[in-house]
Q: 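After the structure tokens below, expect a handful of questions from me.
Side chains are part of it too, since the values below use all heavy atoms of this structure and drop only hydrogens, waters and symmetry mates. Just so you know, residue 1 is the first one in the sequence shown, and it goes up from there.
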Amino acid sequence: MYLCSGCQTAVSPDTKYFPVDWLGVEVTRATLGIIGMGSIGYRVAQRARAFDMRILYHNRNRRRKEEEEAVGAHYCEKMEDLLQQSDFVMLVVNLTPETHKLIGKKELGLMKPTATLVNISRGAVIDQDALVEALQNKVIRAAALDVTYPEPLPRDHPLLKLNNIIITPHIGTATVQATRMMAEEAIANMLAVLNGQPIPSEVFPK
């Protein structure tokens with residue numbers, strides 16, 4: 001949470017000294033709870049393992065034992081168990097009628113008061129009014145959102161006035177390399193259709 005304010009302090013013409021009481025929270029050996037262990041959630045787990053994090057996950061379907069062991073992930077059948085144990089809760093789910101406002105007042109109340117909520121899925125997965133209340137009342141320590149609802153938020157939205165939240169403008173995949181790969185994948189799919197070949201990234205209705 002100190003990254004933005006720290007940058008402002010470092011570059012401000014009024015800065016005469018750096019505060020020594022800005023203390024963050026270690027991710028190393030902390031517990032990460034991943035809600036939604038699809039392909040993206042699994043890649044998050046792979047990266048978290050490099051920080052020696054304890055990884056919990058909740059998903060509609062449990063991963064194969066070999067996949068769990070490869071990243072050291074432990075399955076939580078009940079999302080409530082994950083929320084109660086995690087230092088960082090990361091949302092990596094699709095937005096569906098079932099996940100709309102998946103995290104609300106009840107779920108935030110189950111989290112540790114020292115926990116941070118991270119959303120890289122879709123803004124509407126969180127009840128933002130409940131999140132404002134939880135952050136204001138220190139029900140949880142902090143939040144980091146790459147997505148909101150709507151995008152961008154109205155300039156008078158209360159989330160924008162809090163000092164224990166980081167909001168970025170939906171830039172989780174915004175790299176030159178990722179954008180190029182997405183374009184190449186789209187072109188490969190179009191060429192496959194035009195040539196009557198199987199579509200590499202075809203999405204099948206459930």
Q: Indicate, with yes or no, if V147 and I165 share a hydrophobic cluster defined by side-chain heavy-atom contacts under 4.5 Å among Ile, Leu, Val, Met, Phe, Trp and Tyr.
A: no
Q: Among residues two or more places apart or on two chains, list those pairs meeting side chain to side chain donor-acceptor pair (under 3.5 Å) that have a residue in residues 27-41.
A: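 Side chain to side chain donor-acceptor pair (under 3.5 Å) check on residues 27-41 returns no pairs.
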Q: Quick one: which residue pairs count as a salt bridge (Lys or Arg N to Asp or Glu O under 4.0 Å) with a foot in residues 32-52, not counting sequence neighbours?
A: none
Q: First locate atom NE2 of H74, then atom CG of D81, and finally report the distance between them rounded to the nearest 0.5 Å.
A: 14.0 Å
Q: Taking only residues two or more places apart in sequence, or in another chain, which ones meet T173 in a side-chain hydrogen bond (donor to acceptor under 3.5 Å, both in side chains)?
A: none
Q: Identify the heavy atoms of A192 and P200 that sit nearest to each other, and give their distance.
A: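 Heavy-atom minimum between the residues: CB-CD, 3.8 Å.
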Q: Check side-chain hydrogen bond (donor to acceptor under 3.5 Å, both in side chains) between S121 and all other residues, then give those that pass, not counting sequence neighbours.
A: N119
Q: Can you establish whether the number of heavy atoms outside E202 located under 6.0 Å from its atom CD is more than 12?
A: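 Yes, CD of E202 has more than 12 neighbouring heavy atoms, counting only those of other groups under 6.0 Å.
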Q: Between L135 and N164, what is the shortest heavy-atom contact and its length?
A: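 Here L135 and N164 meet closest at O-ND2, 3.1 Å.
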Q: Is there side-chain contact between L83 and I35, with heavy atoms separated by less than 4.5 Å?
A: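 Yes, their side chains come closer than 4.5 Å.
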Q: Pairs of donor and acceptor atoms involving the side chains of residues 102-112, under 3.5 Å and at least two apart or interchain, shall be tabulated with distances.
A:
residue, atom, partner, partner atom, Å
E107, OE1, G104, N, 2.8
K112, NZ, Q85, O, 3.2
K112, NZ, D87, OD1, 2.9

Q: Any chance you could pull the hydrophobic cluster mates of L194, using side-chain heavy atoms under 4.5 angstrom and chaining through other members?
A: none
Q: Side chains of residues 176-188: which donor-acceptor partners sit under 3.5 Å, not counting sequence neighbours?
A:
residue, atom, partner, partner atom, Å
T179, OG1, T175, O, 2.9
R180, NE, E184, OE2, 3.1
E185, OE2, S201, OG, 2.4

Q: Is there side-chain contact between L91 and T99, with heavy atoms separated by less than 4.5 Å?
A: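 No, their side chains stay 4.5 Å or more apart.
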Q: Under the 4.5 Å side-chain heavy-atom rule for ILVMFWY, direct or indirect, which residues accompany V71?
A: V25, V27, L32, I34, M37, I40, Y42, V44, F51, M53, I55, Y57, Y75, F88, M90, V92, V118, I120
Q: Looking only at heavy atoms, which two atoms of D146 and G172 are closest? And how far apart?
A: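 Closest heavy-atom pair between D146 and G172: OD2-N, 2.8 Å.
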Q: Evaluate the side-chain proximity of N163 to S5: yes if any heavy-atom separation is below 4.5 Å, no if none is.
A: no
Q: From L131 CG over to D129 CG, what is the distance, rounded to the nearest 0.5 angstrom?
A: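 Reported value, rounded in 0.5 Å steps: 9.5 Å.
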Q: Suppose we screen for salt bridge (charged side-chain N to carboxylate O under 4.0 Å, His left out). Which residues come up paired with R63, at least two apart in sequence or across chains?
A: E67
Q: If hydrophobic clusters are built by linking Ile, Leu, Val, Met, Phe, Trp and Tyr wherever their side-chain heavy atoms come under 4.5 Å apart, do I167 and I126 end up in the same one?
A: yes
Q: Please name all residues satisfying side-chain hydrogen bond (donor to acceptor under 3.5 Å, both in side chains) with E98, sequence neighbours left out, ordered by chain then number.
A: T96
Q: Please report, to 0.1 Å, the donor-acceptor pairs under 3.5 Å made by any side chain of residues 154-161, with sequence neighbours excluded.
A:
residue, atom, partner, partner atom, Å
R155, NE, L153, O, 3.3
R155, NH2, L153, O, 2.9
H157, ND1, L159, N, 3.0
K161, NZ, D156, O, 3.0

Q: Taking all non-hydrogen atoms of both residues into account, name the closest pair between G38 and N59 and its distance.
A: N-OD1, 4.3 Å
Q: Below 4.5 Å, heavy atoms only, C-beta onward: do I140 and T116 meet side chain to side chain?
A: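 Answer no - side chains too far apart.
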Q: Applying side-chain hydrogen bond (donor to acceptor under 3.5 Å, both in side chains), can you list everything that pairs with E66, at least two apart in sequence or on another chain?
A: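 Scan of E66 (side-chain hydrogen bond (donor to acceptor under 3.5 Å, both in side chains), adjacent residues dropped) gives R64.
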Q: State yes or no: do V132 and Y149 share one hydrophobic cluster built from I, L, V, M, F, W and Y residues joined by side-chain heavy-atom distances below 4.5 Å, directly or via other members?
A: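 No, V132 and Y149 fall in different hydrophobic clusters.
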Q: Looking only at heavy atoms, which two atoms of Q128 and T148 are closest? And how far apart?
A: OE1-CA, 3.4 Å
